[in-house]
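See below for the structure under consideration.
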Amino acid sequence: MLAAVGGRTAVVTGASTGIGRAIAVALGGLGWRVGLGARRLDRLEESARDVKAAGGDPYLHELDVRSAASIDEFLDATVAALGTVEVLVNNAGMSTPGPFHRIDDDALRCEVETNLLGPMLVTRRVVEQLLQRDAPGDLVFISSDATRHARPRMVAYAATKAGLELMAHSLALELEGTGIRSTIVRVGPTISEFGFQWPIEEVEELMRYWPRFGLQRHPGYLEPAAIAQAVVTAVTAPPGVHIDTIEVQPEAPVGDTGPAQPLPRPPE
Ligand code: NDP
């Protein structure tokens, strides 16, 4: 198990499932206080139970990163319960796949607000509080390998994650000398609920389409815990060390070089 490095207060957005839940649990495993935010409270309660079982001190509150009022309520309640946020993991994210010209305006707006504007609104509030207290901190941005390998049929998603990465890099420079570090954790194909809402025919079509561009070449997927481990590495780096970017990719299963398959979904 991971070694405890002192009791910090962390916040994870999108902590109700998948990668966010795994990150929250890993931070709980350090013995930290962990604020969990997302829209589905029942799923957040499951995550909070896992954080507690791992040795952490969880606090959950509803959060919609598309709403400034919801972000204020979430942060106010979390700070009151756990203290100033010292570690922020901007994890909440979504995508609507398909040919760009067919994605409607509302879906595009949702993607930009969830994946880019939301992290901006959350991060600026956390940074403001840290600077007011002259306190060190860690900002983590969960990005996608779509920023490095352009991903057709996820055009807006790739653009939002590229924007997120440049935000993280620019902020790292702006915050130099403050003790607040900014890290990108860039994620490859990972088993989660990402895409569970997509029509299965669309997913099957994407699995045939993407390999033409060198994407989804093999059937390897990561477990969310692998991403959580990368986040822990970044936020437990000793003072004086800044981990700028970590990209985590699944290894091709040894001996199985067949194409990627759609992930199994839960029964209806
Ligand atoms: P999941 O769909 O399992 O999790 C997404 C999380 O985001 C959920 O907890 C969801 O909670 C939350 N969320 C979505 N919209 C909002 C919102 N408006 N306000 C607050 N929370 C929100 O997918 P992953 O765990 O895979 O995704 C986590 C991150 O990893 C995302 O940023 C994604 O882009 C990134 N990523 C994932 C990859 C993969 O292969 N899985 C690959 C590359 C990057 P709720 O619905 O309860 O609000």
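All ligand and atom numbering here is 1-based and tracks the order in the structure.
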Does the salt bridge (charged side-chain N to carboxylate O under 4.0 Å, His left out) test come out yes or no for R208 and E204, once each step is laid out? CA-CA 7 Å; R208 289 190 293 274; E204 285 166 354; 5.2 Å; no
Using a 4.0 Å cut-off on heavy atoms, what residues surround ligand 1? Order them by chain and number. G14, A15, S16, T17, G18, I19, A38, R39, R40, L63, D64, V65, R66, N91, A92, G93, T114, I142, S143, S144, Y157, K161, V187, G188, P189, T190, S192, E193, F194
Any pair with a residue in residues 157-173 that passes side chain to side chain donor-acceptor pair (under 3.5 Å), sequence neighbours left out, goes on the list, sorted by first then second residue, please.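 Non-adjacent pairs meeting side chain to side chain donor-acceptor pair (under 3.5 Å): N115-T160, S143-E165, T147-E165, E165-R186.
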Same cluster or not: are V65 and V11 linked, directly or through other Ile, Leu, Val, Met, Phe, Trp or Tyr residues, by side-chain heavy atoms under 4.5 angstrom apart?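 Yes, it is one cluster - the side chains of V65 and V11 are joined through contacts under 4.5 Å.
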For the residue pair R21 and S47, confirm or rule out a side-chain donor-acceptor distance under 3.5 Å. yes
Between I19 and the options V89, V12, T190, the side-chain contact (heavy atoms from CB on, under 4.5 Å) test singles out T190
Heavy atoms from other residues, nucleotides or ligands near CG of D104 exceed 12 (cutoff 6.0 Å): yes
